[in-house]
Protein chains: 2
Amino acid sequence: MGSAIADVAARAGVSKATASRALSGKGYVAEVTRQRVVQAAKEIGFVASPNAASLVTGHTKNIGVVIPFINRWFFGEILEGVEEALLNRGYDMTLYNIHPGSADRDRVFDFFLARKRFDGVIVIGVEPTPEETARLLRLDIPLVSVGAPVADVRSLTIDDEVAGRLATEHLIGLGHRRILHMGGTVTGEGDTSVHGRRMRGYVSAMTQAGLEREMSFAQTEMSVPGGYDAGAHELSNSSSRPTAVFAACDEIAIGVIIAARRLGLAVPGDLSLVGIDGHEYAEMFSLTTIEQQPRAQGQSAVTDLLAAVSGESLAADVVDVPARLVVRASTTFAQLSADAV
Amino acid sequence: MGSAIADVAARAGVSKATASRALSGKGYVAEVTRQRVVQAAKEIGFVASPNAASLVTGHTKNIGVVIPFINRWFFGEILEGVEEALLNRGYDMTLYNIHPGSADRDRVFDFFLARKRFDGVIVIGVEPTPEETARLLRLDIPLVSVGAPVADVRSLTIDDEVAGRLATEHLIGLGHRRILHMGGTVTGEGDTSVHGRRMRGYVSAMTQAGLEREMSFAQTEMSVPGGYDAGAHELSNSSSRPTAVFAACDEIAIGVIIAARRLGLAVPGDLSLVGIDGHEYAEMFSLTTIEQQPRAQGQSAVTDLLAAVSGESLAADVVDVPARLVVRASTTFAQLSADAV
DNA sequence: CTGAAAGCGCTAACAG
DNA sequence: CTGTTAGCGCTTTCAG
């Protein structure tokens with residue numbers, strides 16, 4: 001418990017410095033000495049205090065992660081990937097959950113992240129303001145963004161506009177014309193937000209196909225209940241009902257499916273549906289999905305971040321993983337998948 | 001960036017000691033002096049390094065959290081509650097995701113948690129072995145368990161046996177006799193595991209109602225796909241089909257619903273269903289649920305933990321929140337709720 | 001009320 | 001290869 005490296009040194013009959021070298025593996029130590037030190041450490045259950053170490057080395061072996069939701073599938077998936085990658089490399093993950101519009105946001109950026117406690121920061125699905133970005137960069141530690149492109153910051157994202165276009169073109173290719181788009185807010189940060197970009201893809205695909213007049217949009221919270229509410233509303237009128245829906249994320253899509261079934265509509269059949277983001281729920285409900293492989297992304301983000309921590313240069317400032325259209329063959333839910341769109 | 005408290009002190013024309021007192025609010029400082037220091041700190045954007053501080057105070061303002069899953073609704077819900085409560089009190093949350101059966105488990109308990117980095121540890125839905133518990137207690141920092149009772153450790157749980165009994169009695173009260181129980185493993189740690197206790201409640205309720213011969217059990221992974229698979233199997237034969245299912249957790253219950261609808265069964269109607277654990281998904285799918293208010297629980301855990309950190313005594317060693325039978329009136333999904341079991 | 005000095009536990013030169 | 005000496009940035013006696 002209260003054991004310090006001095007205790008280990010005393011017990012092994014060496015100096016603190018030698019004990020430190022033996023335990024950390026840095027610097028020359030005779031093999032016999034090393035073993036004696038290691039043995040002594042084990043005997044008294046010594047584990048080095050990273051706080052004391054970081055005070056002198058400047059490295060904390062701790063990464064700060066900022067995320068808007070923990071309990072939403074997409075974010076949870078990334079989080080699990082990030083945590084695993086970090087743990088494998090001996091890093092701690094300190095998590096900050098900033099709900100959109102929360103007052104905590106300032107405290108996290110101005111106080112919690114500013115305290116030299118982290119070797120790096122990962123922001124997931126959060127677009128820091130220019131001021132926030134500047135503040136973080138001033139800390140002089142690597143900063144990585146996942147899921148949202150941030151100016152001056154190494155970002156790992158899909159090309160949301162391409163994804164939106166592909167999704168829409170897929171539905172157009174199936175012969176649909178009345179294609180409703182459901183997603184976040186229309187107004188506001190429409191140009192730079194994730195949803196804004198996806199919507200641009202929708203608009204461009206519809207326009208290119210000469211379907212400007214068929215475009216319609218329903219604003220929705222990016223969640224299952226959001227999709228349900230909007231779906232229940234948009235699909236209730238059988239004459240004005242769209243034949244296809246492009247949902248800005250899978251959680252919306254799942255909500256729409258529930259609403260559609262509630263109304264006695266077959267999906268697919270009476271309604272075709274495409275969502276962006278997921279794959280597991282998508283499998284479960286046999287959606288056709290545009291996948292961005294969130295887990296792999298999370299891991300890449302970590303890999304890159306750690307590369308940055310150790311001083312390696314980064315090849316590019318922004319990586320755009322092209323969205324890919326993937327129709328998943330489910331195993332567990334094979335019978336559900338048979339009737340995929 | 002590289003600003004230390006010495007810089008603040010110099011700028012304010014005081015000593016480091018005074019600057020420290022002014023900034024931390026501990027010890028006597030003339031109001032004028034204090035303001036001057038605060039002002040100087042703000043000007044150069046000084047934020048104290050908690051690592052350096054903890055070296056001398058012994059407090060890290062950091063809590064370690066161990067959890068088996070991040071991306072499952074129940075755990076995500078608790079995690080959000082814990083994070084929020086911690087953040088509000090100025091604490092960091094460092095998260096370790098230990099999948100059941102993972103080799104990481106030892107590393108986390110023996111190394112990561114052993115490094116004097118935390119003021120306290122919260123284990124959620126994990127039952128530490130006696131050795132692990134002993135190791136943690138030897139750290140001399142508060143330890144709290146959420147969701148699983150741990151010997152010698154302050155634990156916040158529901159009474160799983162009572163919950164299982166209530167759930168079963170509820171179904172019996174509706175007139176059901178063929179009540180299937182779906183949950184984790186039958187064998188193994190049947191007595192001490194969460195599921196083992198819930199099953200005991202089922203058995204006791206069935207026995208008391210003279211329904212021993214009607215008891216049946218299906219083993220299932222505690223997840224939506226697990227519930228789906230088992231449901232698809234158990235419900236396929238229309239002659240041997242149960243009229244009610246008691247699912248050990250809501251995620252299983254959701255899987256069963258999907259399977260049931262797939263088979264053309266109405267839920268409720270052809271099948272009654274009760275799950276334990278959730279409320280939001282339950283609302284969504286109009287389940288009758290036995291609720292344990294996970295978020296409130298998480299917050300209590302934190303409150304208690306922090307009380308322990310600051311030296312206050314704890315009233316009891318184990319708190320059993322009695323399970324309550326709650327039929328939730330959904331607002332968003334009012335129309336779905338109308339036909340609740 | 002304020003400053004000087006000591007030291008938390010560790011690692012990094014630098015001599016030996 | 002090993003020990004000695006300095007701190008990392010902060011808080012805390014203890015005198016003034």
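It should be emphasised that the depicted structure is a prediction, and the values quoted were computed from it without experimental measurement. Proteins get letters first, then strands, A, B, ... in listed order; numbering begins at 1 in each.
Among the heavy atoms of the strands lying under 4.0 Å from A:Thr33 are primed sugar atoms or P, OP1, OP2 only; no base atom is included. Among the atoms of the strands shown, only primed sugar atoms or phosphate atoms (P, OP1, OP2) are found under 4.0 Å from some heavy atom of B:Ala30.
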For side chain to side chain donor-acceptor pair (under 3.5 Å), just list the numbers for B:Gln35 and B:Glu31, CA-CA rounded to whole Å, side-chain angles, deciding distance to a tenth of an Å, and then say yes or no.
-> CA-CA 6 Å; B:Gln35 296 199 347; B:Glu31 179 56 21; 3.0 Å; yes

From CA spacing to verdict: side-chain contact (heavy atoms from CB on, under 4.5 Å), A:Leu113, A:Tyr96 = CA-CA 9 Å; A:Leu113 291 180; A:Tyr96 299 103; 3.8 Å; yes

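With rounding to whole Å, A:Tyr28 atom OH is found 17 Å from C:dT11 atom C1'. The separation between A:Arg34 atom CZ and D:dT2 atom C1' is 16 Å, rounded to whole Å. One interatomic measurement links the two molecules: CD1 of B:Ile5 to P of D:dC10, which rounds to 6 Å at whole-angstrom precision. Computed from coordinates, the B:Lys26 NZ to C:dC1 P distance equals 18 Å when rounded to whole Å. In this structure, the CG atom of B:Leu55 is 12 Å from the P atom of C:dT11, given to the nearest Å. Atoms CZ (B:Arg115) and P (C:dC8) sit 22 Å apart, rounded to a whole Å. Separating the CG atom of B:Asp7 from the P atom of D:dC8 is a distance of 12 Å, rounded to the nearest angstrom. Residue B:Arg21 contributes atom CZ, which lies 13 Å from atom C1' of D:dC10 at whole-angstrom precision.
Of the candidate nucleotides D:dC10, C:dT11, D:dT4, C:dT11 has the atom lying nearest to any side-chain atom of A:Ala53. Comparing atom distances between the B:Ser15 side chain and each of C:dG3, D:dT11, C:dG9 picks out C:dG3 as nearest. When distances are taken from the side chain of B:Val56 to each of C:dG7, C:dC10, C:dT2, the shortest belongs to C:dG7.
Between A:Val14 and A:Arg36, the closest heavy-atom pair is CG1-NH1, 4.3 Å.
Distances shorter than 4.0 Å separate none of the side-chain N or O atoms of B:Ser49 from OP1 or OP2 on D:dC10. OP1 or OP2 of D:dT11 has at least one side-chain nitrogen or oxygen of B:Ser20 nearer than 4.0 Å.
Judged purely by distance below 3.5 Å, without hydrogens or angles, the side chains of A:Thr94 and B:Asp92 never pair a donor atom with an acceptor atom.
Screening A:Leu95, A:Ile122, A:Val126, A:Ile98 against A:Ile67 for a side-chain contact (heavy atoms from CB on, under 4.5 Å) leaves a single residue, A:Leu95.
Both A:Thr57 and B:Ala17 sit near DNA chain C, but only B:Ala17 has its closest nucleotide nearer the 5' end.
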